[in-house]
Each structure stands twice: as C-alpha cells, then as structure tokens.
Amino acid sequence: MVEYLRTAFHDALKKLGIDFPKEEIQFEIPKQVQHGDFATNVALQLARLEKSNPREIAERLIEALELDPAMVSTVEPAGPGFINIRMNPGYVVSRVSEILETGEAFGNVDTGRGRSANVEWVSANPTGPLHAGHGRQVCLGAAISNLLEWAGWKVTREYYFNNAGVQMQNLGRSVQIRYLQALGEEVEMEKGLYNGEYIKDIAAEIKEEFGEAKRNESIDFFRKRGEEWCFARIKKTLERLEVHHDIFFNEDTLYKDGKIDEVLSLLREKGLVYDREGAVWFRSTKFGAEKDRVFVKSTGEPTYRLPDVAYHREKILRGYDLVIDIFGADHIATIPDVLAAVRAMDLPTDHVRVVIHQMVSFVEGGETVKMSKRSANVYSLDDLIDDVGADVVKYFFVMRAANTHLDFDLELAREQSEKNPVYYLQYAHARIASLIRFAESEGVDLEAAPDLALLTHEAEITLARKLLDFPGVVDDCAESLEPHRVCNFLQDVATAFHKFYQECRIVTENQALTTARIALCRATRYTIANGLSILGITAPESM
RNA sequence: GCGCCCGUAGCUCAGGUGGAUAGAGCAUCUGCCUUCUAAGCAGAGGGUCGUAGGUUCGAGUCCUACCGGGCGCGCCA
C-alpha cells in the first residue's frame, strides 16, 4: 500500500523535475482520523531544499499525481503542507479477502528473505532454578525469535550454558555440604555459597540414591549432580512456557575443544593481552574502555569474559547473517569488551545486535518485592507461573518496552477479569469463535464467497483498516526487535472488534450481509490468533 | 565520582526514523444486558510530557547542563 503511494509520489516528483530519493518519502498513519488514512510530509521536507512554500509544493504535487481512483478516494493538502490521503473504503474492505486467503500465515513478511539469524537468550547459570525476574528475558527472547521468523528469517534459538567456572564449583560445594549435613555431619554452610532450599533437595536425592556411599566423594561429583538437576529444572520451566531452544551450547566445550587457548594466542599475537601480577589482561583501554580487564586470573582460570569472547567468536564463525544477544542490564558492561575482542580477531560484528532489558520489580499491594539471586527463598519463575498462569506471564513480560524498568503488578496479573489486559485479547478471540459457532448453528454457509462491498459501516471499515496494518507491524517490530508493539497493536485490534460487535449485529436475516460480517470476523480471528502466537499466548475458543 | 537506561494523567505505561488538538489500561464517577459471550460498549473528570536553556517552519521525540530513580564500574557471572 505504502509502496504503491511511494511509487506514485516519486513519479509525480519526477514530473515536476524534483529529484528526491524514493525511500525517503515518508508516509505515516495520522493520529486524527480526519487526516485520512495516510499522510506525507514530503512537501515540508522539500520546502527546505527547494526554498519555497511547502503548501504550494503540496498543491503542485497533488496536481501531478496519478492515482487509481478505485483505491484512493481523496488527496488533499492540509495544515502547513501535509498531504492527506484517504483510501476508498470499498477498496480497504475488499482487501479483507487477502487476510482470509493467507489465514494462519497472515502477517508474514519477507524482509528476512530466508537469511539466517541466531538468537541467544536465557543463558542463566545452571546454579539454581530460574527466578521470577528471569521471566522477562525468557519471554522477550522467545517473542523476538518468533517475530524474526514471521519476518522471514531462518532462526536458530540458542542457550549459552555457563557450566564452567567458580560458580559451578560453589554449587558443587554447596550440595556437598548439604549432603554431609543430611548424613549427620557437623559441617557449616560457608559464606558465598548457594543457600536455596533446592540445594537440600539435590542433596536429598543423592542420599536417596547412594545412601552414605558418597561421604568421601570429591566436589566434582556433587557439581555434576547439581548441574544436571538445575539443567533439568530450567528446561522444565522453559517447557511450561513453551520456550524451546535448538542449541544448548555448553561453556565447557570451549575448554575441551581448545577454543579458549586459541583466542588467547590470537590476541597475544596482536599484542592485545599481557601478563601482570600473575594474571593475563586484555587491553580494553585500546578500545575505549576505562580500564583493562582480566581475562585469566592468577589462579589460571579464565574470568567469564574470555569464554564469552570465545563463544561469540564461535557464533560469528558459524556465519549467521544476524546475531542477537539478549542481556539483562546488569550485564551491559561486558558487551563492549567482548565485541572489541572479537573485532580484534578480524571478525565482523556489524551484524551483532544486543537487546538490553532493564530489571523487573514485582509489586504487590503497592509494595515492591525485591528479588535477590542468592538469598535462601527465591520467588522462582515456576512460582510465578503457578501464581498467575503462563499466558499472563508471557504477556506481562513482553508488553512493555525492554529498555524500561518493568513493574510487574502481581495483583493485576492474578486478576482473572476484565481488569487484566491479557483477557481483553483472549476474550475478543473467544467471542469470535463463539460467534462463528452460533452462525453455523443458524445455518450460515461459511464457505460462501462474501460480498465484502457490503461492509460499509464505519466500525467495519475501521476494523478492516486496522487488520491490514498487521504485516507492517510485524515488519517494524522485527526490525526494531520490539515485541511490545505487537501487544499494543493487538489491543487496538480487540478494541476495534468489540466496537464493531457492539454496533453491528452480525448474524441476521440478511444472508449476504451476515456472510460478509462473518468474513470480517474470521479475518479478525486470524489476526488476533497470529499475533498471540508471536507472543506464545493461547487463543481460546471459549472463556 | 564515571558509564548505560529511565522520568508523560492519582498508579502502570504507549507515543516508527522530529509533525497537525499528547493517548491507553487501572483507579474514580455516569449511562447501556427480553436480542450473536457485559471478561464488552459509550461518556466524564484528571497533564506546565522532571527543570532550565538550545537546534528549526515545527520538539514528548534531537543537543547541552542540572534534578530525581534504576543498573553497572570484581582476578563473581
């Protein structure tokens, strides 16, 4: 649609002897309905370049335009020099047939052109269950992956499994202590170790299985058991949210395959690492950082940054066209170092995009419940799912822009009523499903070809117009990696539908009109269901 | 102290690459169910878009400085 207008405007400009890049002709959907379906500010932009009156340019431009009157009804200058374009309502409504034809694929766009994308997210340490705050990352990444797929990318979903390093040793030691305590030994839990109740569960399982046989077992055994337990638990939680990864990349393979050493020697060749005080340092200051960073501790163990570099190198070497990292704001500081190191190894990073999301606060009764990772009793993601349900979890975590702090209102989320925005969408879907069932029971032939031209009511046209925006919304959201805009769009669709339902009786004696309105309902249903599927939310047949 | 993010209605937040009279949900108040799902619809009140400058035809949006909040600034991840 916009493309059609853009071409027409470009041709008109050429006729006036004005050379203006086609791609820079902007069309927006005006906030005010009186301003039409589309508006462009080319005349205002040109006023600057041509040094003349924008209003006058607009008028000359309109004169030169050649548009199909079946599609466009009016084009008029407005305000300081906008050009408002109104589509022919009959044309808008006729395009509903495209939605019915594409059905479950409506909303797909092909900007990705089958190129490959890798999305890495969650990547929580396997040192415990996912806590409620992880939910944002989990749901955001899933929605972004889905969006990219809808936009024509071939997506690989990946989880970087941090199963090496000090924290894993701590986990092992924690389990060991709990196990020994369970055997009646006088051992104190040490500072800085994992205190959660789940550690006792792991220890209890070991005791159950081996009795006292592991009394003198090394930490390594307990570490392994702990890792397996945590991994299984994390996967189970992800499963409950229907979040799937194609690749679980184990950090320890970077060691086994010598990738860590490879990176070190590559950097050493370039003189980008040096030894000091028994540690190996990376010259991050060469890349604008305020201080150099330790890559290998004096104990000989790498810090987390080095495997991060090696891991990113691996991902980039795999040759994806787009590499996306999703991180919490608390990890923001490491990104420039990692990318700088990767670039230093002569690898491109232009196609790496990092989505940073801010932290989450859970609010209950006006009080903020702060989550802390290593305290004894954490509110886990499983608890949250039990508490409010998977659909609500997914919606609430994605409905706000990632870049802003999120207040997760537990009371509102728990509310199974009209107050909860999730139900507003689901209710619209269920209402349509019910309507279609009713129409069938009244003997309406759903297969009959609708005469969409019968849809002339303002509420019908507004709804149709809104539905047709969907592919553009998918495209924009995928480009900006901002799934919350899908939520906003779906709210608008539901509002337009409820309004239509309120104003227009759908199943009536008038068969032709009934068929046309049912067609519009079906188009709405596809749009809502498809949008919800991007968010991973179920579209109920009844409520 | 330095870096990144945020500051929009009582509360939580939307506001494509600057555009026309700043929006939604919740909360408060008022109407609408003998008729396809009232988990809905219609309407009312509520704002100096943190503050002060700047850029320009035009700023919630861009720049600068302050103020307020969050997160980082480990040989933790």
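What you are looking at is a predicted structure, and each value in this text was computed from that prediction instead of being measured.
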Position toward the 5' end of RNA chain B (nearest nucleotide), A:T495 or A:F408: A:F408

Salt bridge flag under 4.0 Å for residues A:D337 and A:R293: yes

Under-4.0 Å salt bridge between A:R268 and A:D275: yes

CG on A:L306 to CD on A:E301, rounded to 0.5 Å: 12.0 Å

Proximal nucleotide (of B:C5, B:U17, B:A39) relative to the A:N403 side chain: B:C5

Distance test, side-chain N/O of A:Y395 to OP1/OP2 of B:G25, below 4.0 Å: no

Nearest-angstrom distance from the residue atom CD of A:Q502 to P of B:C41: 7 Å

Rounded interatomic separation in angstrom, taking CG from A:D407 and P from B:U12: 6 Å

Pairwise P distance for B:U17 and B:C29, with rounding to whole Å: 39 Å

C1' gap between B:G68 and B:U21, integer Å: 31 Å

Ring-on-base stacking B:A20 with A:F82 (under 5.5 Å, under 30°): yes

Nearest atoms (heavy-atom pairs only) where A:A413 meets A:V388: CB-CG1, 3.7 Å

